[in-house]
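Hydrogens, waters and symmetry mates play no part in the numbers below; they use all other heavy atoms, side chains included. Below, chain A is the first sequence line, B the second, and so on; all start at residue 1.
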Amino acid sequence: MPDQSQPLGDQVTEAISQKRALYIQGNNTKAFLGNECDASTLDVSNHSGILHYEPTELVITARAGTPLSEIIHNLDAHQQMLAFEPPAFGEHATLGGTIACNLSGPRRPYTGAARDYVLGCRMINGQGQIMQFGGEVMKNVAGYDVSRLMTGSLGTLGILLDVSLKVVPKPQKEITISKEVSAEQALQLMAHWRQQPAPISASCHDGQQLFFRLSGTEQALKAARNKIGGERVDNDTLFWQRLNEHQHAFFNTRKKVWRLSLPSTAPLLELEGKTMMDWGGAQRWLVSDANPETVRTKVASIGGHATVYRNNNTDTNSFHPLDGNMLFIHQQLKKALDPHGLFNPGKMYSEI
Amino acid sequence: MQLVEKLSDILDKDSLLYEQEDTKPYECDGLSAYRKLPMLVVLPSTVEQVQAIVRVCHEYKIPVIARGAGTGLSGGALPREDAVLLSLARLNQILTIDPAQCLAIVQPGVRNLAISEAVAPMGLYYAPDPSSQIACSIGGNVAENSGGVHCLKYGLTVHNISQLKIVSIEGELLTIGSHGLDSSGYDLLALMTGSEGMLGIIVEITVKLLPIPERAQVIMAAFDDVEKAGNTVGHIIADGIIPAGLEMMDNPAIRAAEDFVHAGYPVDAAAILLCELDGTNEDVSAQVMRVCELMKQHGAISVKTAQDEAERQQLWKGRKAAFPAVGRIAPDYYCMDGTIPRNKLAWVLKSIAELSDQYQLPVANVFHAGDGNLHPLILYDANKPGELQKTEEFGGKILELCIQAGGTITGEHGVGMEKIDQMCIQFKADELQQFHDIKHAFDPDGLLNPGKAVPTLHRCAEFGAMHVHDGQLPHPELERF
């Protein structure tokens, strides 16, 4: 597909002159995430294609509209993968949407988030300027880390054009073991194994059972399984995939689905509803009708933040409110990158 | 002077230095070729004092330059005659260690290695290990986004910190990040890391800790050709192995290191690779065998595995002592810090050798081969008239080579004062302006470490080497000198 950078830049320039806000959209698989946004849609899905993939350099560069599945398929052919195991939330998910939302899966606490693997980006800022930050090398400290600032900014700071990511080799083998334990015991076990040099690559508790995924050589997995104990889980690839993609029965609800991001050792929260713990306890999904204020106050009191991830009926902001000083910095940064307030107004916070 | 009066309300007299004999030790950081006396030096012991100092400076519009241990190699903490130099050396306490969360809360003046030493009894360590880790401070590591020999597998500082407390130019204490795995809003933690003291003063850092691997094993391979050594690195990675460390040294660096610490390096080799594998006992055994095979297959003339921990330490000692070792064979050396795509290594090294002939200055190369971060050390004699200037020019050319190869002018040392002109080549005017706008969001008066890291467009015009895009000169309205 042809490079759409300039046509997209022109559309931004036109929007500036018409004082018209833009809602940046790939294939619209993540529309549920974030607040409603009143702006005309700017389709970026045609800016697609892998530009450069060098397996021995552990780097892939692709246009933001490239389907995530295409990237994963290409990496797979070289026994490599995206270490942050992003959920797609839909067949046609794009690289750009994944990075704009900083989406990371069960492997996140052990190998890092999307932002940890972003090496560089090309983007269009709110003045219609096409700019490039970072690059394709692992270490680069020239200039501020704008590529990581863009990651997770929900399109509020600019349009991602191309993204360079570090990739990693796939583990030789993976198995999952499970144990029937309470949520309290699960937290203790996850904390215990976090401090041990064990080849754990995912851990979650679904309310009844604790699951550990192990990654490494056959021999290493055998040794680790003997140390940790528990039952081997069949069809475990599917288990983690369903958890990651919210296809697990837990997510089948019309109630609000909250994402609570907490210190991994935070105690169990006495909140109405049911909980699924992922990320070794640091990401907890809560299905609940509880008052949003109650949830947020409780979570903030132990150093976390709470997002209404799904089924927000607009009675509350999707994202955890920022305090005065932080909100001011966010507003100033928004002005620095998008001075006309063009991109995704209100998607993250009504003030930016 | 009013400023001194105001500051002496905050600090006792041992913490406020303005006599030349007292401020002299602060005239440079690790880049000693650049020197300037600060207007005055402040040495706060508490976060409240830092806030109060910054408030006074903000009120009087006096620039503030933060300094950690002063080991930085890019002149990031170079003083100015019109600025307060704020040393964070006395904020040197490890505040909390939380093994269950694998986190430690530390003050910025804590030395990098001191963290790993403090948590070792719990079986934990802090992964980023710059070569200066016995002396450099964690606050400086965050400001520069420091790396080290283990960052191919374990990442840079940005991957290994969880939360920062910073003092803004208004004197406000802000918490950025969290003790969870993310926080709401923009990723200010990433923006702050590597920002070279331009956006805020770091006063507390929560670092992530990792369990000490069950086993670590180092392999040393010697090659009769630098290119073969470079290509072998690619073959190891293509085989699905991510070594904990993968270092390369060329012959001049090997000789210097061997003379200095007797690490057991083969002094006649054109290059050596040091490859460390860590992880579970079983994984390491399998990988050691595979890596030895790959090295032989791709032209290593000898392959040696450390037989015990003492030998492993000895092999690493040579690498970690490479800079001081080179310092013994020449009156002065100038350390560069470019990063390149690894497959361009042969071309870059050949070009550096040509430049070395042209400038008549020898070069020793030390290379974080796994992640493409090259440290050419230019040997010179500062006492010979004009030689420093010649060295700087040569260094600038090396950085330009790195950009041409698709890399960057700095992998881990930062831009500081040293590489500021090369920023004009790496970035377009629009991009530099974007950096200035980001700084403005935090520091509208431009008081935090002014003049470093990001050049003004005017400076770029003077330097005369603009990034030219599609044949168009950016900002044609600016006068060219």
Side-chain angles (χ1 to χ4, degrees), chain A residues 55-58 79 108-109 112-113 115-116 125 129 131-133 135-146 148-149 151-153 168-169 191 194-197 199 216-217 219-220 223-224 261-265 279 282-283 303-305 319-320 322 325-326 329-330 332-333 335-337, chain B residues 99-102 123-124 144-145 147 155-156 159 172 174 178-187 190-191 193-195 211-214 234 237-238 240 242 280 282-283 286 339 341-343 371-373 406-412 414-415 423 426-427 430-431 434-435 437-438 440-441 454:
Chain A
T56 62
E57 302 276 333
L58 299 174
Q79 293 301 306
R108 193 272 172 254
R115 58 86 91 171
D116 292 310
N125 70 0
Q129 295 164 329
M131 302 186 296
Q132 184 158 10
F133 298 103
E136 291 195 320
V137 290
M138 300 294 151
K139 289 161 101 177
N140 186 354
V141 293
Y144 302 125
D145 199 341
V146 178
R148 285 199 173 88
L149 176 66
T151 310
S153 64
V168 299
R194 186 176 304 128
Q195 299 166 66
Q196 309 299 320
T217 57
Q219 302 91 311
S261 171
L262 299 161
S264 53
T265 53
W279 292 11
Q283 175 172 265
H305 66 103
F319 300 99
H320 204 104
L322 301 168
N325 282 326
M326 286 306 268
I329 290 181
H330 278 67
Q332 295 303 107
L333 271 175
K335 258 188 231 165
L337 281 117
Chain B
Q101 277 203 80
C102 289
L124 302 171
E144 304 295 332
N145 193 14
L156 308 155
H159 303 104
E172 298 282 345
L174 306 174
S178 76
H179 287 174
L181 291 175
D182 44 45
S183 54
S184 49
Y186 298 145
D187 195 340
L191 187 61
T193 310
S195 66
I212 297 171
E214 213 167 74
I237 288 168
I242 301 289
T280 60
E282 299 78 14
D283 280 353
T339 304
R342 207 180 329 91
N343 55 28
D371 42 35
N373 189 196
T408 176
I409 57 172
T410 174
E412 56 184 356
V415 174
M423 286 289 282
Q426 186 161 342
F427 292 97
D430 288 349
E431 293 157 350
Q434 187 68 80
F435 289 144
D437 292 344
I438 289 171
H440 186 85
V454 185

Over all atoms of both residues, closest heavy-atom pair of Asp182(B) and Ser261(A): OD1-OG, 2.6 Å
Nearest-0.5 Å distance that lies between atom CZ in Arg342(B) and atom CD in Glu57(A): 4.5 Å
Per-residue contact mode, Glu214(B) against chain A (heavy atom under 4.5 angstrom): both
Interface residue of largest heavy-atom contact number with chain A, from Ile237(B), Asn145(B), Asn343(B), under 4.5 Å: Asn343(B)
Spacing of CG belonging to Asn140(A) relative to CG belonging to Asp371(B), to within rounding of 0.5 Å: 11.5 Å
Check: Val137(A) and Pro341(B) side chains under 4.5 Å, non-hydrogen atoms: yes
Options Gln219(A), Met131(A), His305(A), ranked by heavy-atom pairs under 4.5 Å with chain B, top entry: His305(A)
Among the listed options Val146(A), Asn325(A), Thr151(A), the residue most often paired with chain B at heavy-atom distances under 4.5 Å: Asn325(A)
Minimum-distance pair of heavy atoms, taken over all atoms of Met138(A) and Leu156(B): O-CD1, 3.9 Å
Residue part contacting chain A, namely of Glu172(B), when any heavy atom lies under 4.5 Å: side chain
Between Glu144(B), Glu282(B), Glu412(B), His179(B), the one whose heavy-atom pairs under 4.5 Å with chain A are most numerous: Glu282(B)
Within-4.5 Å side-chain heavy-atom neighbours: Leu174(B) and Ile329(A): yes
Chain B contacts, top residue of Leu149(A), Val141(A), Thr56(A), Thr265(A) (heavy-atom pairs, under 4.5 Å): Val141(A)
Under 4.5 Å from a heavy atom of chain A, the part of Leu124(B) involved: side chain
Donor-acceptor contact below 3.5 Å, side chain Gln101(B) vs main chain Ala191(A): no
Side chain / backbone / both / neither for Arg194(A) at chain B, heavy atoms under 4.5 Å: both
Main-chain N/O of Gly123(B) paired to Gln195(A) side chain as donor or acceptor, under 3.5 Å: no
Test side chain to side chain contact (heavy atoms under 4.5 Å, CB included) applied to Lys139(A) and Thr410(B), Asn373(B), Thr408(B), the passing residue: Asn373(B)
Whether His330(A) and Tyr186(B) hold their rings parallel, tilted or perpendicular, with breakpoints at 30° and 60°: parallel
Ile438(B) portion near chain A, given a 4.5 angstrom heavy-atom threshold: both
Heavy-atom check, side chain of Gln196(A) versus side chain of Pro211(B), under 4.5 Å: no
Least distance between heavy atoms, Arg108(A) atom then Leu181(B) atom: NH2-O, 3.1 Å
Side-chain heavy-atom pair Leu58(A), Ile242(B) within 4.5 angstrom cut-off: yes
Check: His440(B) main-chain N/O paired with Gln332(A) side-chain donor or acceptor under 3.5 Å: no
Arg148(A) side chain vs Leu191(B) backbone, donor-acceptor pair below 3.5 Å: no
Leu262(A) versus chain B, the contacting section by heavy-atom distance below 4.5 Å: backbone
Contact summary for Phe427(B) and Ala142(A), nearest pair of heavy atoms: CZ-O, 3.4 Å
Heavy-atom pair of closest approach, residues Ala220(A) and Asp283(B): CB-OD1, 3.0 Å
Which of Ala100(B), Gly147(B), Gly240(B) touches chain A most, by non-hydrogen pairs under 4.5 Å: Ala100(B)
Closest-packed option against chain A by number of heavy-atom pairs under 4.5 Å, given Ser195(B), Gly414(B), Gly185(B): Gly185(B)
Shortest non-hydrogen separation from Pro197(A) to Thr280(B) and the atoms involved: O-CG2, 4.1 Å
Atom pair CG/NE2 of Asp116(A) and His159(B) - distance to nearest 0.5 Å: 4.5 Å
Residue part contacting chain B, namely of Phe319(A), when any heavy atom lies under 4.5 Å: neither
Verdict with supporting geometry, Asp437(B) and Lys335(A), side chain to side chain contact (heavy atoms under 4.5 Å, CB included): CA-CA 9 Å; Asp437(B) 292 344; Lys335(A) 258 188 231 165; over 6 Å; no
Contact class of Gln283(A) relative to chain B, heavy atoms under 4.5 angstrom: neither
Heavy-atom proximity to chain A below 4.5 Å, by part of Ser178(B): side chain
